[in-house]
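Values reported hereafter were calculated over all heavy atoms of this structure, with side chains retained and with hydrogens, waters and symmetry mates removed. First the proteins, then the strands, lettered A, B, ... as listed; each starts at 1. Just so it is clear, the model here is predicted, and its values are computed rather than measured.
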There are 2 protein chains.
Amino acid sequence: MNIGQASDASGVSAKMIRYYEEIGLIRPMGRTGNNYRVYGDEEVHVLRFIKRARSLGFSLEETETLLKLWQDKERTSAAVKEVATSHISDLERRIAEMQGMVKTLKHLAHCCGGDNRPNCPILDDLAGDSSASGKSTKAKHHA
Amino acid sequence: MNIGQASDASGVSAKMIRYYEEIGLIRPMGRTGNNYRVYGDEEVHVLRFIKRARSLGFSLEETETLLKLWQDKERTSAAVKEVATSHISDLERRIAEMQGMVKTLKHLAHCCGGDNRPNCPILDDLAGDSSASGKSTKAKHHA
DNA sequence: GTGGAGCTTCCCATCATGGGAAGGTCAAGG
DNA sequence: CCTTGACCTTCCCATGATGGGAAGCTCCAC
């Protein structure tokens with residue numbers, strides 16, 4: 001199997017397969033006389049493992065750890081779980097961070113007329129104008 | 001004001017201030033005879049604007065758009081709101097993506113003993129082993 | 001005048017991926 | 001046999017936003 005076929009079979013681009021080899025994530029493949037890389041079912045299986053790990057958001061470094069654990073018959077499931085839970089924490093932290101952004105942005109967007117006038121609480125907020133959260137277009141003291 | 005003071009006043013690192021200048025996000029600053037950049041309150045204000053936009057997750061490109069709108073007295077709040085809502089959508093998409101990962105990972109982690117045994121449904125899943133979701137360590141038919 | 005802090009530019013690294021050029025190879029079909 | 005097109009190889013560059021660090025200049029205080 002050439003790299004293109006391995007790519008099709010695994011869903012990993014040929015570019016990435018070469019890259020993974022370069023950084024040592026996968027073993028350098030055997031070559032044919034024409035210097036083409038040769039892949040077998042086992043290699044495709046590894047590539048699919050990597051692809052699945054990546055699709056769950058694991059970094060290549062974490063993926064490498066998981067790959068080694070997978071191939072280590074002496075591993076403990078605790079070691080694997082540790083990698084997973086730590087990744088979950090990281091994802092949750094990032095999710096919370098983005099949710100905070102969304103919350104603020106939605107509030108600002110809600111306060112913004114979205115019309116033809118230039119007055120905009122979103123810009124006021126970005127500009128650090130603390131009087132930005134209330135009514136913005138006019139009527140600072142409507143009473 | 002030198003770059004270090006502008007950095008302290010704005011919370012943007014000197015490194016980044018130079019970078020923003022290089023990419024045209026901010027105007028090239030005037031220099032003193034010794035070739036030091038000189039900043040005034042207005043520049044610090046711009047830097048703070050950028051920092052705030054970044055903290056809300058806007059890319060530098062979006063930040064540039066917002067900055068131009070801020071400085072354009074003819075802007076419409078609709079234009080600003082458009083940038084914001086589009087960014088909100090992007091954030092929500094990414095949040096949903098990560099939440100999907102978390103959901104899968106939590107399920108797998110829940111199914112994983114996290115003990116001294118090698119058997120691990122997390123690895124089974126990554127390996128594409130479809131029989132991974134059930135009980136894993138033993139007792140496939142405990143009855 | 002000396003030391004240290006601060007400024008300048010320039011290059012490199014991150015992380016994962018893609019784009020593209022230049023050149024070798026192979027298979028099919030004229 | 002030769003061409004054509006698809007495929008492979010390596011090499012370099014780009015992304016986005018940031019930090020690190022080196023080499024060299026300046027400025028201020030002592």
More than 12 foreign heavy atoms under 6.0 Å from CZ of Arg31(A): is that the case here?
yes

Would you call Ile26(A) and Glu43(A) a side-chain contact if the rule is heavy atoms closer than 4.5 Å?
no

Using a cut-off of 4.0 Å between protein heavy atoms and nucleotide atoms, how would you tag nucleotides 1-14 of chain C 5' to 3' with B, S and -?
-----BSBB-----

Atom CH2 of Trp70(B) and atom OG1 of Thr63(B): how far apart are they, to the nearest 0.5 Å?
12.5 Å

Rounded at 0.5 Å granularity, tell me how far CD in Glu97(A) sits from CD in Glu92(A).
14.0 Å

Rounded to whole angstroms, how far apart are [atom1] on [X] and [atom2] on [N]?
X: Ile17(B); N: dA17(D); atom1: CD1; atom2: P; value: 17 Å
X: Leu47(A); N: dA16(C); atom1: CG; atom2: C1'; value: 15 Å
X: Met16(B); N: dG16(D); atom1: CE; atom2: C1'; value: 10 Å
X: Glu22(A); N: dC15(C); atom1: CD; atom2: P; value: 14 Å
X: Tyr19(A); N: dG20(C); atom1: OH; atom2: P; value: 20 Å
X: Ile50(A); N: dT17(C); atom1: CD1; atom2: C1'; value: 14 Å

Under the salt bridge (Lys or Arg N to Asp or Glu O under 4.0 Å) test against Glu21(A), which residue among Lys15(A), Arg27(A), Arg37(A) passes?
Arg37(A)

Under a 3.5 Å threshold, yes or no: a donor from one side chain and an acceptor from the other, between Ser77(A) and Asp115(B)?
yes

When you measure from the side-chain N and O atoms of Ser13(B) to the phosphate of dT18(D), is any distance below 4.0 Å, counting only OP1 and OP2?
no

